[in-house]
Structure formats: structure tokens, C-alpha cells
2 protein chains.
Amino acid sequence: MADTELDERKVKILNAIIKNYLETGEPVGSRTISKYTDLNLSSATIRNEMSDLEDLGYIVQPHTSAGRIPSDKGYRFYVNNLIAEKDKEVADMQEWMIEKTEKMESLLKNVAKTLANNTQYATLVSAPSVVSNRLKFVQLSAVDEHQVLSVVVMDGNIVKNKIITVDKPLDNETMLKLNMLLNTNLNGLTVDEINLALITKLKEQAGIHDEIIAQVLDTVAETITEGDDLQVYTSGATNIFKYPELADSKKASELLTTFEEKQSLMELLNDSTDGNENTGIQVYIGDESPISTMKDCSIVTATYELGDGVKGTIGIVGPKRMDYENVVDNIKSLKGQLDKLLKQEADRKNDNRN
Amino acid sequence: MADTELDERKVKILNAIIKNYLETGEPVGSRTISKYTDLNLSSATIRNEMSDLEDLGYIVQPHTSAGRIPSDKGYRFYVNNLIAEKDKEVADMQEWMIEKTEKMESLLKNVAKTLANNTQYATLVSAPSVVSNRLKFVQLSAVDEHQVLSVVVMDGNIVKNKIITVDKPLDNETMLKLNMLLNTNLNGLTVDEINLALITKLKEQAGIHDEIIAQVLDTVAETITEGDDLQVYTSGATNIFKYPELADSKKASELLTTFEEKQSLMELLNDSTDGNENTGIQVYIGDESPISTMKDCSIVTATYELGDGVKGTIGIVGPKRMDYENVVDNIKSLKGQLDKLLKQEADRKNDNRN
DNA sequence: AATTAGCACTCCATTCTAGTGAGTGCTAAC
DNA sequence: GTTAGCACTCACTAGAATGGAGTGCTAATT
């Protein structure tokens, strides 16, 4: 894994520089390293090595006669080694918060909150994309003469509801019939699988009530897709004030606005879903970030699975000098727990079916 | 309305000072006023008057040899006159956003967003307190063998749902029976009215299923009250960065954290519900605010009614030198529209009942 | 050939020093 | 009661002086 362009000593020195900078946030000088490491080298030697490292692009000087700070490339090197070599020691995490799974929404809110508390960075969690998720249950009920409540339950107990206004009251019998029709035909399907043929078939079977079926189906589709863009929960956004390099008015404003609007966060999370390979962990450093307002940040994301390719994402946003080890451990652990938890539920569901 | 301690000229000068300060945010000096007003007085005269106004506590000097800025008392005087005398010219507001009332939640989110855009301050909107609101419809449905979905619809089409886990599957007949039982007994009641006697009665009628009824009732209560503390939507919190006096790291951090946590915002909104008299508009200036992190802000709130004492609140948070006129106009107009809208719905409901 | 000591140099950050200007308060004249 | 005039205060700014951390280079050392 160690690049050939760096000999062992350079690697040690680079790591020392980065570790130190992660702690202090100040440029680190040759004398500091000379003492900090067990290499027993004088500051002059370190200076020569640092000069090489700078030529190679791993570190930079904010100005002549200042110490060095890691470049994006330096961070990248550090993180690659970290993730490749560490794959143990996943910290134990509180499980209390997963007790009540009934509500997906509050579960995810809790995940975001806990993670923000543990890491002191800003966190975001996206709900599993509903589009390729399966319908579990549909129900229409007459609330009053002109209003019909439609409730849709998806796998993972994601519940959506909407009130439809109808011109004429529906009698009980029709209601029952429609419910039967909807449930027998739709249950177990994904949104993608509800195609025109099926819709036509449903309408035929509904007879004179085809108008209503159409409206209901529209609503079902709408119900499922509507807030989908906005299904992202954030927490600890104001933690960024803890890091001076992000806390100045302009940057903080941009960052927090990004968090408030949530729109562009989705892009980030979607991007993560594709990108990462085997580990499921994705790290963006500085300019690597897909969101321009986060050029001065690092982002760590993990994708959790709900089965059948239905995925959601957890993310952490902090300064470039974030505590990558701790963050990766935390997020890995959480991802594991979510995977496990949702797996359990999927299994339980299958048991029921058999 | 004009206080006896201020003669007409002092009032004019005070107003001039405040108006000018609202625009510029800079301390305003005697020479500025001397030109700005049509009083044709020299700066020296203004100085004398300003000295008096300072003695009376309406304005303060940030330091000797600076101009004056309004004190909280000064703002208060200004606002009182403003609200008392202005009761016309309520700006016309876009109505498009109220088209789709089906979902209370998105309606309120929209209200917050629109208001934030119009005023460029931070806004918050609380959902009508569900506690004294009436149940409109309750429904239990079996999602699978161990999970029962309970949906509760309140007046104003506030829909809440929750999934209950049960040990034994419920057969169709029981389900129907329970639904009948719940709806005939609970519809039209407020949460407060569901007392022990009623619960006992329900349990008796449920026979061997009293356990389930208990659990369901628990859930209904929980469903209704649970997220109730958190039912507050905010928008434009990051607008505070537009006002230098709030944008420094420390203050901004505190303020935004308050907005993020939402907990204490509830106190503010609850406080407003009681406080205001006939107009329905409440203005907190600086220290008057019930939330300590907003000591440097002004807050304008309005209470909207959903009928039967069920109330929600709209609020705007900005710097003390906020554009009170515009804010009050906006919030008044919005309150009016919400009142009207919800009134309509209440009427429609009553029509249906007759 | 690699390492180190030593020294001159650079540049940021801090402190101090006027200098400037907006604004006041007071007094005396109108 | 109003105004002109003047001395005074105080924040803000620019510039100069100082100190210190850190570098790069060269020559000596191992």
C-alpha cells in the first residue's frame, strides 16, 4: 500500500506531521517533529525530508517561514493507509437507541443525533430510497364525506399518508372493494413495477370507480415519491463553530445554509451510494467533495443496506483535520448495527411469509 | 398613546433616530438628524434634546463621543406607536402556497419558508397543539401477523401513525370490532376527554381483548403527544448572518444551536400563546425575550386559531433593529390567511355534520 | 554519503504610536 | 429657546518597531 515514492522514514515523518496537525490545527515545524518522533533525527534532517515531501506534494507551507500542513494529497495518503490497515477494534456503541424500531423516522433522527454527539461533527442521514422499496400494505379509509385517507406502508415500516378530497362520498362496500383491489394487486411490488398495464387492469376492475382508482394511484405514487428528496435528517450542524478554520462568518454561513436547505445534501448522499467499493466507507477530502460549499471540509459516508438494493447513507462532515480514525470507527460500527437490525427485520418478514 | 413625558418634538426626533438606525445599523449623530428631519433645527438643539432622551432612557451611547442608538425602551416606544396606529395596508400575499391544505405539515413548512424569504429573518412556525384538538378518525389495520398500524386523524387533518407490535395475530373480525369500538367512542373527543372511566368502559367492551385495547390506547395517547414537543418548523435561520451584530461566531453559534434543537423554541411559542391581547401580535424586544440566547434579538409572534382554543404560533426572529413595520404587516397578513383558511375547513366540517 | 550545527533570512503576529474624524457637552452670544 | 463655537473624548486606522517561530543553505562532523 505504501507508495514507492515514499521510503519508510518519509512515511513516518508524514504521519507525524499529520497526527500533530490533527491535534493542534497549527502548522507544524521541523523541531517539533524532531522531538515528537522516536526517530532521533535532528531538526535539520527533518527539514530536508520535509522539503522533499513538499516537492512531492504531500504537505504545503501556508507561507515561507511557517511550518507545514498536510495537503489534500497528504490527507488522502493518510486516510488510505488508515482504512486499509485498520479493520478491527470497532468501538462498542450504545444500543438503547435502536430499541424502538417502529418508526423509521425517529430511528434515523436518533442515529444522526448520537453520531453528532459522539464525534462532535455535523452529521446527516438519508432515509432508504423508497423508489425501489416494496409496498407492504395499502389502506384507504373514509375520514368524512369528502375526504379519504390513504396510508401506505413500505418495507422497513416506512409509513406515508395523505388525504384525498373526493367529490362524492364513497359507500362502505366500495371502500372495501377498493382496498381489496389495491392490496391484492400492489402488495410486494416496488414503485417501478407499477406500470401502465397494471394501472389499466386496476381501472378496469374498478368499473365505474375507475376515476377514483386513478386518483388513488396518483396519490400513491405521489405519496411515495413526494418528500423523497427531503428525506434527510441532520444533526449537530452547529458543531462546525468548534473548528476555527470553518467558523468564520462567510464559511459558516454557506455551510449551514447547505445544511438547512438539505437539497444539495441529497446529491452528496446519492453520490456516495454509487462510489464506494467493498468497505462501504467513502471519504471525500477537500476538493474531492461533490458539494462546492464543502471544499474546506472532509466528508465520511457509509451506505447501509435494507436488502434488495434499497440503500440509505450516513454521513459526517467536519474540518479536513478531522479525527478520521474515530470517525471511521464510529460510522463503521453504526453501519454494521443498522445493517444487522434491518436484516433482522427482513428475516422476520420472510418468516412470516412462509 | 404618546407618553406624557415626551413632547411632540422629542417624539419626532426619537423616531428619526430609530428609523435612521434601522437602516444603517450605525449610531446616529445630532448633525445627521438636523439634516434628515424637516424640523429645521441646528445640531446643537438636537444635541440638547438627545441628551434629554438619553436621560429618559430612550436612547443610549455605545461610548462617549459616539452617536446614539435606541435602547430597548426606545424600540418599545416605537413599536407600540406603530402597532397602535397602523392597522391598515396589510400587504397582499401569495395565496398559491395555501392551495394544498391536505397536509398540515407541508403547509406549515411552506409558511415558514415564505415568511423567511419575504422578510429575510429567521422564522418558526408551531403546529397547532394537538392536545386540545379533537379526534376525527381512528383506524387499526393489520400490516402483517405481528404488526398493527394505528392511524389517527385529528381536526385540521393532522395525521399521526404508529406501528404496534403484538404477540398474537388478530383475526379480521376482532379487528373490525376494535375499530368500531374505537371510532364510536373516541371520535369527536379531545385527548383530555379520554379519561379513566372511558378507558375502563372500552376495556370491558373489548372483552378478552382488553389487553390489546390498553396497548392501543397507550399508543393513541403516545401517538398524539409524542412528537408534540418537536412540532415546530423553522426556516431561514442562516439569515442571521446578514446582520453583523448577530453574525459573530459566538452569538451566531448560540442562536443557531437554539434553532437546531427546537426544544426551547417551544417555550417561546407557548409563551406567546398566552401573552398577547386583542391584536394577536406579540413583540419581544431584547431582554423581554423568554429565551436567553435571544437577548440581542427581537421576536415578533402571532397566534393563529384553528377553532375551539386550538392554537398555533408563527414567529420571526431578527436583530433588534428589524424592520418592524414590514414584519408586522407580513405576519399579520399571514395570520389572517391562516385563520381564514382553517375557519373555512372548520365550517365545511360542520356543514358535513348537519 | 548521510547527518548535524550554525547562521542569516523571511514573514507573521503583536504591540505601540501617532493621527484622523465623528460626535459630544458646555458656554456664551443671539 | 436657539445657535455658534470650541475644547474634549474616544474609536478606528495606518505605520513602525519588536519578537519569535521556522526555514534554507553551507560547512563541519560522523
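In what follows, every chain begins at residue 1, and chains take the letters A, B, ... in the order their sequences are listed.
Dashed line: the shortest gap from a side-chain N or O of A:Ser65 to OP1 or OP2 of D:dA21 is not under 4.0 Å. The shortest distance between the side-chain N/O atoms of A:Arg9 and the OP1/OP2 oxygens of C:dT3 is below 4.0 Å. Phosphate proximity of C:dT24 to B:Ser30: present, with a side-chain N or O under 4.0 Å from OP1 or OP2. For D:dT23, the OP1/OP2 oxygens have a side-chain nitrogen or oxygen of A:Arg68 closer than 4.0 Å. Considering only side-chain N and O atoms, A:Arg47 lies nowhere under 4.0 angstrom from the phosphate OP1 or OP2 of D:dA21.
As rounded to whole Å, 16 Å separates atom C1' of C:dA22 from atom CD1 of B:Ile69. Rounded to whole Å, atom P of C:dG25 lies 7 Å from atom CD of B:Glu54. Residue A:Asn40 contributes atom CG, which lies 13 Å from atom C1' of C:dT3 at whole-angstrom precision. Going from atom CD of A:Glu49 over to atom P of C:dA2 covers 11 Å, rounded to whole Å. In this structure, A:Gln61 places its CD atom 13 Å from C1' of C:dC9, rounding to the nearest Å. Residue A:Glu26 contributes atom CD, which lies 14 Å from atom C1' of D:dG20 at whole-angstrom precision. Between the OH atom of B:Tyr21 and the P atom of C:dG23 there is a distance of 14 Å, given to the nearest Å. The nearest whole Å value for the distance from the CG atom in B:Asp7 to the C1' atom in D:dT2 is 15 Å.
The base of D:dT2 lies outside donor-acceptor range of the side chain of B:Thr45, with no N or O pair under 3.5 Å.
Using a distance-only test at 3.5 Å, with no hydrogens or angles considered, a donor-acceptor pair links the side chain of B:Gln61 to the main chain of B:Ala66. Distance alone, capped at 3.5 Å, is enough to place a donor-acceptor pair between the A:Thr24 side chain and the A:Asn20 backbone.
Using a 30° and 60° split on the angle between ring planes, A:Tyr75 and A:Tyr21 fall in the tilted class, from 30° to 60°.
Among all heavy-atom pairs drawn from A:Gly286 and A:Asp72, the shortest one is CA-OD2, 3.8 Å.
Residue order along DNA chain D, read from the 5' end via each residue's closest nucleotide, puts A:Thr32 first among A:Thr32 and A:Asn48. If you find the closest nucleotide of DNA chain D to B:Ser42 and to B:His63, the one lying nearer the 5' end belongs to B:Ser42.
Comparing atom distances between the B:Ser51 side chain and each of D:dC10, C:dG25, D:dT3 picks out C:dG25 as nearest.
Looking at B:Glu26, B:Glu54, B:Glu49 one by one, the single match for salt bridge (charged side-chain N to carboxylate O under 4.0 Å, His left out) with B:Arg68 turns out to be B:Glu54.
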